[in-house]
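Since the structure comes first, as structure tokens, the remarks are kept for the end.
FYI, side chains are in, hydrogens and waters are out, and symmetry mates aren't considered; it's all heavy atoms of this structure. Residue numbers start from 1 in every chain, and the chains themselves are labelled A, B, ... in the order their sequence lines are given, proteins ahead of strands.
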Protein chains: 2
Amino acid sequence: MRMGRPREFNAETALDQAMEVFWRHGYEGATIAQLTEAMGINPPSLYACFGNKEGLLKAALDRYTKLRGVWMDEVVAASTARDVAERMLMGIAEKQTDPANPPGCLLVQGGIACGTGSENVPFELAARRAQNEDQLRDRFVRAKADGDLKESADPAALARYVSAVAVGMGVMASSGADREALRQVADVAVQAVEAQSADRT
Amino acid sequence: MRMGRPREFNAETALDQAMEVFWRHGYEGATIAQLTEAMGINPPSLYACFGNKEGLLKAALDRYTKLRGVWMDEVVAASTARDVAERMLMGIAEKQTDPANPPGCLLVQGGIACGTGSENVPFELAARRAQNEDQLRDRFVRAKADGDLKESADPAALARYVSAVAVGMGVMASSGADREALRQVADVAVQAVEAQSADRT
DNA sequence: CCAGATATGTAGTGTTCACTACAGATGTGG
DNA sequence: CCACATCTGTAGTGAACACTACATATCTGG
């Protein structure tokens, strides 16, 4: 039985606002004052709902990966390994320069290096990135079984590669690269996957 | 004429220590206390020599890029565009997992996203990364003129691509990827450059 | 050996940070 | 309508932060 005064804010929309603050300023750069203002609540509500700043970040990351998961499912639904890579990297070029969001990727902008006391924030982000990589790897394993990738191809290495390019594009986006520049990177990057693809006879 | 008490520490070795702290914790995660302890000096000496925390970062970045510049010169001295890419990315796989340094690249770990008041730190890092990219681009322009790259190849796009992969590898290294994993990424990445190379007849 | 200049170590400064005590508000179960 | 549980806003808390005042130490030029 749930009693007491009901909360007056929607946790998901509040998380969307928090996500944006972390995305733009990073975990350490984001202050509770900025977060609460963006979320439209006061500190006690934040702490009652999310525990502490790191709990809020994790909740925001969960929401981010959940939203992205839908898109990733579309990515790996492409019919060939090459098309998976293209759909992924071209999609990233779009998303990371979408003016509706801060530039780059939350899983990178959130915090690559942190100070004493926040050491596990980078690991938290890395774990989420690894999920994407695993999804790609599984897809490439299947592509190899399908004969879509060469016998010599290493699905895990390919997944790591595509993941690395995606991260690199995120950093470029956050430092001002425009959509066309990212598309060019994606275009070149796809050619490496193409080189690992079996010849279509 | 230089008068007054001479400084008792060596600015370059002190900078090396500061570099390591920024590298490991990022700009915002690094505290003056950590920096002064690593440098073996007291705050007033730091401020007298470098102005403020951001000044120290810039000095550390200058030193970092200077040291790296020597290596980059060797990279672009490779005889083909493909070998330039390979030498660069394989070298990065080594350097970013060198136990003598923190993992990853200072130009990424330093701070991709920062809080209010440090907004130009990410730009500062981006500017240094752009220098590397420019050096690569110039080399690829020459490679195209040499007929080493295809007529359809875009040197600027290739340079952006290699730069993006390097950044992505840095992030992977900082989150625990080992040398072999990075080598695999480099190996795949080089194939895209190979695909842009003219056929050797 | 003295005057001026710069460096150093001690011991702070004000500010901002993440976080919370508390009182009042608003719900549920009986 | 009352006991109780949970949320909310105000107004702070101690700690950590970047940075510095000041007295002292060590140099150069004359």
Hey, mind stepping through A/E12 and A/R63 against salt bridge (Lys or Arg N to Asp or Glu O under 4.0 Å) and telling me if it holds? CA-CA 8 Å; A/E12 292 199 335; A/R63 182 153 173 78; 3.6 Å; yes

Determine whether A/Q135 and A/D73 satisfy the following criterion, side chain to side chain donor-acceptor pair (under 3.5 Å), listing intermediate values before the conclusion. CA-CA 9 Å; A/Q135 203 169 352; A/D73 289 343; 2.9 Å; yes

Between B/R160 and A/Q184, is a side chain to side chain donor-acceptor pair (under 3.5 Å) present by the stated rule, with each step listed? CA-CA 8 Å; B/R160 256 199 293 271; A/Q184 289 179 352; 2.3 Å; yes

Mind running side chain to side chain donor-acceptor pair (under 3.5 Å) on A/N101 and A/Q96 for me, showing each step along the way? CA-CA 8 Å; A/N101 296 324; A/Q96 291 182 341; over 6 Å; no

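Dense packing is recorded around CZ of A/F9, with more than 12 heavy atoms of other residues, nucleotides or ligands lying under 6.0 Å away.
Rounded to whole Å, atom P of D/dC19 lies 14 Å from atom CD1 of B/I41. Rounded to an integer number of Å, the gap from A/F50 CZ to D/dC7 P is 12 Å. B/Q34 has its CD atom 7 Å from the P atom of D/dC17, to the nearest Å. Distance, B/N10 CG to C/dA7 C1': 15 Å, rounded to whole Å. In this entry the distance linking CG of B/N42 with P of D/dT24 reads 17 Å, nearest Å. To the nearest angstrom, P of C/dA7 lies 14 Å from CE of B/M39.
Checked against ring pair (Phe, Tyr, Trp, His ring centres under 6.0 Å), A/Y47 has no partners two or more places apart in sequence or in another chain.
By the 30° and 60° cut-offs, the orientation of the rings of B/F22 relative to B/Y27 is parallel.
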Can you pull every protein N or O that's under 3.5 Å from an N or O on nucleotides 25-27 of chain D?
from   : atom 1 : to   : atom 2 : distance (Å)
D/dA25 : N3     : B/R5 : NH1    : 3.2
D/dT26 : O2     : B/R5 : N      : 3.4
D/dC27 : O2     : B/G4 : N      : 3.4

Please list, for nucleotides 17-23 of chain C, all pairs of protein and nucleotide N/O atoms separated by less than 3.5 Å.
from   : atom 1 : to    : atom 2 : distance (Å)
C/dA18 : OP1    : A/A30 : O      : 3.1
C/dA18 : OP1    : A/K53 : NZ     : 2.9
C/dA18 : OP2    : A/I32 : N      : 2.8
C/dC19 : OP2    : A/Y47 : OH     : 3.0
C/dC19 : OP2    : A/K53 : N      : 3.0
C/dC19 : O5'    : A/Y47 : OH     : 3.4

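Residues from residues 107-125 of chain B placing a heavy atom under 4.0 Å of any atom in DNA chain D do not occur.
Salt-bridge formation is detected for the pair B/R24/B/E20: a Lys NZ or Arg NE/NH1/NH2 atom is positioned less than 4.0 Å from an Asp or Glu carboxylate oxygen.
Defined by atom type and a distance below 3.5 Å, a donor-acceptor pair is missing between the side-chain atoms of B/Q191 and A/Q191.
Taking side-chain N and O atoms only, B/S45 has a distance below 4.0 Å to OP1 or OP2 of C/dT8.
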Distance-only donor-acceptor pairs under 3.5 Å for side chains of residues 112-119 of chain A, two or more places apart:
from   : atom 1 : to     : atom 2 : distance (Å)
A/T116 : OG1    : B/Q34  : NE2    : 2.9
A/E119 : OE1    : A/G117 : N      : 3.0
A/E119 : OE2    : A/G117 : N      : 3.2

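Residue pairs meeting the salt bridge (charged side-chain N to carboxylate O under 4.0 Å, His left out) criterion with at least one member in residues 136-158 of chain A, sequence neighbours excluded, are A/D134-A/R137.
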